[in-house]
Every structure is written in structure tokens, then in C-alpha cells.
There are 4 protein chains.
Amino acid sequence: MSAATAPGVPKRGRPRDERARTAILSAAASLLADRGYERVTVEGIAAVAGVGKQTIYRWWPSKAAVIGEAILEDFVVVPDLLLPRTLDVWDDLETWLRRGEDGFRGYSGDVIRVSAAVSSEDASMLARMTAKFAEPTRALLLARLREAVDAGQINDTIKLDTIVTLLQAVVSYASLSRANDNVVTDALTVIRSAAENHLRAG
Amino acid sequence: MSAATAPGVPKRGRPRDERARTAILSAAASLLADRGYERVTVEGIAAVAGVGKQTIYRWWPSKAAVIGEAILEDFVVVPDLLLPRTLDVWDDLETWLRRGEDGFRGYSGDVIRVSAAVSSEDASMLARMTAKFAEPTRALLLARLREAVDAGQINDTIKLDTIVTLLQAVVSYASLSRANDNVVTDALTVIRSAAENHLRAG
Amino acid sequence: MSAATAPGVPKRGRPRDERARTAILSAAASLLADRGYERVTVEGIAAVAGVGKQTIYRWWPSKAAVIGEAILEDFVVVPDLLLPRTLDVWDDLETWLRRGEDGFRGYSGDVIRVSAAVSSEDASMLARMTAKFAEPTRALLLARLREAVDAGQINDTIKLDTIVTLLQAVVSYASLSRANDNVVTDALTVIRSAAENHLRAG
Amino acid sequence: MSAATAPGVPKRGRPRDERARTAILSAAASLLADRGYERVTVEGIAAVAGVGKQTIYRWWPSKAAVIGEAILEDFVVVPDLLLPRTLDVWDDLETWLRRGEDGFRGYSGDVIRVSAAVSSEDASMLARMTAKFAEPTRALLLARLREAVDAGQINDTIKLDTIVTLLQAVVSYASLSRANDNVVTDALTVIRSAAENHLRAG
DNA sequence: CTTTAAGCGAGACGGTACGTCACGTCTTTGC
DNA sequence: GCAAAGACGTGACGTACCGTCTCGCTTAAAG
């Protein structure tokens, strides 16, 4: 009743059980991997986590939110899309694109669907998903491209941001459309051509 | 669907009521437009169509299948992505990309989600969706680009297929990511640069 | 039903809502009275009771079981077959038989159909129905007959059980067959004759 | 096409197919025996009979009517309740009662339920059922009792009709209630006592 | 050391929609 | 013009999850 001594909130009552929270997110992640988003049920998560259903709804407003958080907090294993660093930046990008295409095709259809489902109920989730996945990747690619500019492999007048966007568009489209395999190579040809055109033209 | 009526088979019994089929697909389409995929209900479709629920389940195995067919058979109004034809092919493409970005953002999130939902139950549906939407668009773009090549605006050594793929990737990505508005313009800059590089280089 | 709450068992989870149970059985009883067994619907019971359908299926395996329980737990108003007590036991019995004939014709066709329906799925229900309806009535009749024996109106060598059985057979048959009205009177004549024969013969 | 030559009704069109009618009633009877009334379906009857469902509904108004007719027309095998004829009428009656009790218990629960179900939709059916089953039996019993009167075994002042009614009541009640086995014997004792009372008293 | 305030597992609750079954009707082609 | 075939509108069935609401039980801070 009296003012809290702690700087933040007084915090009476039993504190949140961190083990329950972890168990819920793990269960959500593993069910997502096993069954796909639509077939995951809150009751299933509760059962696997050994938790009451209310403990889920106490902390998350909906199924989408739980699964979204499981993804955001790395309970879902996301293949690391590390960018190789050889001498040839175009080889590196092709390797990265191919890995991404496969990775997204396998598990990340679900991740993408989840972020769609989640975002339709909770606008902030899309931002968090973007911050988690898209932005680090952008930074990674941007750094590699900048090196290539420094090394004189790419003309410095081209907007690197734009190239990064195109690369992300390609990997996303290749995963979704399951089109024939040369999407990646072909796209890279165009991008490279543009980048070197500037180079030569400059 | 569309079981071919082999001329040899006598076909006994009451024939399928084409009015019911049409009413169902119309209802599905209109509910999809009104409420979005998740909120469409088979019972709702039946009620709007003035049809028994069983009549739906007699012909389609699931909600996804009905809605998928409604889309494939043009009951869902899809904004026509006509390609303008001015003198400048790059202007034309930018116009097309911007329209597509808006159009897909508006209604086609649903169409994409439907094809995802449907495809997870019925592998052939994805192919049909692709055949219906992606391929005609490809043909359209290809034709326009070919004209531009003939007009000497694009180098004839570049693979036009590749450019078309990139354009489709860009419009899809722009819709999904809701990124800032210059994605389209920037991407087009890169593509154009590549196309004209070949021109100049050749 | 009526799972005895063993004192040792902790009882976890939300307890069964007695108001829901009561509402369901009341609704079942009132619908049975209004519409007859065949026309009662589980969905109707749920709606009238203001209850989810699953709450019914959680506790009873079938429509027959719910309605059976409603009857057994006195939610269905059963006309009291009180036995009048005048000086003349035969007058009393005739009154009782006539009332029973009418009463059973009115509501108890349903009760009998329910017990048939229920018994074909749940053997114990028939026994419970019998215990509830037939046995108290037997006791009532037996007591009255015993008094008549004490009063010297019936020979004490006759088996009163047998007479009671015959009376029940007559009332059941009269209700079911809807035969002409003197069944009851005629039957009573025979029974009386037997009872007094013993009297006189003894 | 041309006018009928027969003296009765002209009868245009294809005449009713007697084989179909027979097949339907046989199928109904056999399904009734196999599955019990509730579990017989019109579609099942049609399938077993090799007949269109409409052919059933053309000639009968409901499931109950078809099955009722199957019973009435002896497609359902009803064990013959022949009355034995020894010197002792009471022995004969006891034998008859016991057979009836068993027979009704075995298959005739269904027949009784059918007649109830049928009668609730089609009042005339009850009369026909009665005419088919109850009346011949009445006649049979009556004849046997009359002989006993003639032979001086039963007093001629008792109303034989009444005794027959009682016997039928007993057999019906014994089958329905599945009571202990001496119902029949006990009841017979009373009836006999009454019959001989008259005899002696007279 | 007692009270008070949550959090917890369990599980019943009112709902919504599902996909199935059977009813009795309607509409074809074939005999 | 009846028969077989089989699609139709209707409506109840029993199941699966949703998100909410108690229970009795911890657990810890406040008094």
C-alpha cells in the first residue's frame, strides 16, 4: 500500500515464473516447426509447456503474439545468413542468396506467414520482426558492398541501399514463388551489370 | 474441378446446378473482399449463396479450396495491371510498379495468403495460381520490353526474362514489406542502368 | 453421474458449475414436455439453458442420457400417482388405474421412449428408471393392499406382489394400446374376483 | 400409349414395378433386423434394394411408413405365437405367455417401437398394426378359452374378453419391464383363480 | 509471523465454426 | 411416365479451439 522503496514498481505478490515463460516459448517454437502456424493451438502449447492456458493469456493477448514472440526471442531456430567474404563480392552475394532461398523456403514460409498474421492484429509486431530480421541483414550486406566500393569493384556513384533492397526482394520472391532456379543468378547478373556500368561509365 | 464431360459417358442423375456453383463462388469472393480470408466462414458462404453447406462440401474439400477457386475463376475482382504504353518504357514500368504495389497491398495480401493456405493442402493450386496471375503478367512485360529492344531503348544482349523476374520480385517485395516509397524508383534505377549499360557497352 | 466427492481428493481446476447443470436439465425437461422426445435437440437444450453445447457433451454422452437424467432427477414433472384411500380398496384401485392410464398416455409415452432409447446405449439407465418409477409405486400399492388384507377385504393367502404386478401391467397396457375404456374396469373385475375367491374359499 | 383394354382403370404410363416394391420392403426388413429402427436409413434401404431413393418416397411418405409396411406385410419374420392345445388350458396359456415374453423381448422391442414411431406420424398405422398382431391373437386366445368353458374348466359367467386382455397386458408388460421371471406365473395364478372362482361360486 | 497480492496448473465455461450424416425434394437420362 | 442416379436445401450431430472464468495452491513482499 505504501510507496514502493524500489525505484521502479513495488512488485507485490508472486513474481512471474521465468521457467514458465521459457517453457511456453519453447513449446510454441517447437510446435511451429512441427505443425506449421495454422495447426498450432494454444491448448497444445500449454500442454507441451506443462502450463495452464491462463498463464499464456495472462502474458500474451493471442496465439499470434506468443508465436511472434517465440520467433523474436530466438526460440525458433533461424539459419544464420552469414555473408561469406571471398575476393569476389558477386560470388559472395550469390552464395548468400542461394542459402537464403533455401532457408526461407524450408522454415521461413511460416515465419513470414506468422509475421503477416501477427501484424494484422498487432501493428508493432511487424516493426519488431523487421528490426530483428531485415535490418541486421541490411547492415551486413551494406558493409560488404561498401568494402567492394572501396576495393573499386563497384562504382561509388550507385546507391548501395538500393542494391540491398533489390537483393532482399530477390531472396523473398525466390522463396515465395518457388520459381525455377536461375532467378537468383539472373537477378544477380542484372544487378552486377548496373553496378559495373556505373563503374565503367564513371 | 471442371471434370471434363467426356462425350461417351451417359451422365445419369441430376446434373450439378451451375447456379449454385456460381452463387457459392460469388459469395466466397464477396466475403473475402468484405472480411478477409481468416474471417470468411463456410457457413457464411452457404448462407449468402442461399445454398446448403453440404453443397459446398460436395464439391470442395475445404474453405481454402472454395476461395482458391473463386479467385482462379475471376469471381474476385483483381485490379487489372495493364501496362501503359508511352514512348518511354521506363516511365511505363514505373507506373506499372506503383499500381501493382498499391493493388497488391490492398487486396492481394489476401490472395497471397489464400494461395499459401491452399497450397499447403492442395499442391496443384499454387501452380494454377501462378499460371493465372504471374504468367500473363510476365508475358505482358516481356512484350513491352521486347518492343523497347526493337526501338533501341534496351540493349538486345540482355536477357529480358531476367528483367521481368526482377520487376515481379520488386512489386511483390514492395507490397509485402510496406517499405518506404522509393523502393520502386530505386530498383528501377538499377534495372535501367543495367539495361542501358548493355546498350552502351554493346 | 453424481460422482461422489471423495474427501481425500484435492479437486483441481474450476469446479463444475451446478447452475449450468441445473439449467441444462431444466431445459431438457421443458423441451421434452413441449415437443416430445424426437423433436428435442441438443442444440435446443443448449440454447434454452444458455449454455455452450460442449458443456452438455462434457457431461453426458448423448441426448438420451441428458433427457434420461432430467427425468431421473425430477426435472420432468411427473404426475403424482397418489393412491386414494376410501373404505373400498377396489374403488381406490380403479381411481388409481384411471389416473395412471391418462397420465401415462399424456407424458409417459415419452418417458417410456426415453428409457428405451437410453437403455439401448446405457444399460444402467433402465435399472435406474425402474427404481425411480416402478418401485415406489409398487410399494404404495402393496401397502394399500396390505391394509385391505388387514381389514379383511382381501384374502390373506393371495400373493399381494402378484396383484401389484398385474395392476402395473394393466395400466401400462392400457396406456400403450389406447384400447377401449373398459380395459381397466374389466381387469379389475378379474383381479377382485381372484382376491375375494381366496377370501371366500379360505 | 393406346387405351387400356382392361375393364378397370385405364392405367397409363409404366406400371409400378412390383419387384422394386418387394426389394424395398425386404431390404427394410433385413436392415431393421440387423441394425434396429433408429439406425435404419432410407438411403441404406435404397442401396440394399438397388433402387432410387425417390422410388421409396414415391410410394411411402416416410421412413416409418416403409418399415411399418414391411412389418405389416410379413417381410419381418415374426415368430408364430401358436397356442398349444393340451388338456390343461392353464398349462397352454403359460406356455404361450412364456414364448411371447421371450419373442417380444428379442425382436419385438423394435416392432413395438416402430409402431409407436409410425403411429405418431400416421394414425392409421396403429390400427393396422393392431389388426395384424393383436386381433388374430385375441381370436386365438378367445377360441381356446371358449373351449375351456365348454369343457367346464372355466366358469361361463366370466367375460372371456377381459381375460384375453389381461393376458395380452401381461405379455406386453413382461417384455417391456424385463422383470423377474415369475410375472407370468404369478399373473396366471390370479387369472386362474378368478376364472375358477366364478366356476365354483357359480 | 501473519496478512495480502499476485502468479500458477487445472480445467469448466459460453461461444463459433468445423466437417459429416440423413432427411425428404428435385431434376436429369434411360427404358 | 416410372425407375435409377444423384444433386439440392435443411438442420442436427459431435468435435476442436477460442479466449474467459474460477478453483485451491504457491510464493514473496508488506506490515
Side-chain angles (χ1 to χ4, degrees), chain A residues 1-2 4-6 10-17 19-21 39-44 46-47 49-63, chain B residues 9-17 19-21 39-44 46-47 49-59 61-63, chain C residues 10-17 19-21 39-44 46-47 49-59 61-63, chain D residues 1 11-17 19-20 38-44 46-47 49-63:
Chain A
M1 286 298 157
S2 63
T5 52
K11 265 216 209 174
R12 309 234 315 184
R14 180 176 179 172
R16 178 171 185 180
D17 183 345
R19 294 200 319 277
R21 185 175 165 277
R39 299 204 147 119
V40 175
T41 68
V42 175
E43 259 148 6
V51 138
K53 209 168 23 152
Q54 187 56 42
T55 299
I56 296 180
Y57 282 108
R58 204 186 330 273
W59 301 108
W60 294 275
S62 68
K63 179 175 98 168
Chain B
V9 182
K11 258 218 204 179
R12 313 235 308 187
R14 180 177 180 172
R16 178 170 183 179
D17 183 344
R19 294 199 320 276
R21 187 177 162 277
R39 301 207 145 118
V40 175
T41 284
V42 175
E43 261 154 0
V51 141
K53 201 168 26 154
Q54 190 56 47
T55 300
I56 296 180
Y57 282 108
R58 207 183 332 272
W59 300 109
S62 66
K63 180 175 94 170
Chain C
K11 258 216 204 178
R12 315 234 300 186
R14 180 176 179 173
R16 178 170 184 180
D17 183 344
R19 294 199 320 274
R21 187 176 163 278
R39 301 206 145 120
V40 176
T41 283
V42 175
E43 261 154 0
V51 140
K53 202 170 25 155
Q54 190 58 47
T55 298
I56 297 179
Y57 283 109
R58 204 182 338 267
W59 300 108
S62 66
K63 180 175 93 170
Chain D
M1 286 300 158
K11 270 215 209 168
R12 312 228 315 180
R14 179 175 177 173
R16 177 170 184 180
D17 182 345
R19 293 201 320 276
E38 305 295 346
R39 301 205 145 119
V40 175
T41 67
V42 175
E43 258 147 8
V51 139
K53 208 166 25 151
Q54 188 56 43
T55 300
I56 297 179
Y57 282 107
R58 204 183 332 273
W59 299 108
W60 294 274
S62 68
K63 179 175 100 167

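It should be emphasised that the depicted structure is a prediction, and the values quoted were computed from it without experimental measurement. Here is the naming used below: chain letters follow the sequence lines, and residue numbers restart at 1 for every chain.
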D/I56 CD1 - E/dC23 P separation (whole Å): 9 Å

Heavy atoms from other residues, nucleotides or ligands near CZ of C/R19 exceed 12 (cutoff 6.0 Å): no

Rounded distance in Å - CZ (D/R19) to C1' (F/dC2): 13 Å

Sugar-phosphate, base or nothing in reach of A/G50, heavy atoms under 4.0 Å: sugar-phosphate

N/O (side chain, C/T55) to phosphate O (OP1/OP2, E/dA12) under 4.0 Å: no

Gap separating the OH atom of B/Y57 from the OG atom of B/S62, nearest 0.5 angstrom: 8.0 Å

What nitrogen or oxygen pairs link the protein and nucleotides 20-22 of chain E at under 3.5 Å?
| from | atom 1 | to | atom 2 | distance (Å) |
| --- | --- | --- | --- | --- |
| E/dC21 | N4 | B/Q54 | OE1 | 2.9 |

Ring-face cation of C/R16 near C/W59 (centre distance under 6.0 Å, axis angle within 45°): yes

Sugar-phosphate only, base, or nothing, as touched by A/W60 at under 4.0 Å among non-hydrogen atoms: nothing

Nucleotide E/dG19, atom P - distance to CZ of B/R58 in whole Å: 16 Å

Proximal nucleotide (of F/dA28, E/dG9, E/dC13) relative to the A/P15 side chain: F/dA28

Sole candidate of D/I56, D/T41, D/V42 that passes side-chain contact (heavy atoms from CB on, under 4.5 Å) when paired with D/K63: D/V42

Per C/V51 side chain, nearest of listed nucleotides E/dG14, E/dA12, F/dA4: E/dG14

Heavy-atom pair of closest approach, residues C/A46 and C/G52: CB-C, 4.3 Å

base_contact_polar (E/dC26 base, B/R14 side chain, donor-acceptor, <3.5 Å): yes

C/E43: partners by side chain to side chain donor-acceptor pair (under 3.5 Å), with sequence neighbours left out: C/K53

Selected nucleotide, minimal atom distance to C/W59 side chain, candidates E/dC13, E/dG7, F/dA7: E/dC13

Rounded distance (Å) that lies between atom C1' of E/dG7 and atom CZ of A/R21: 15 Å

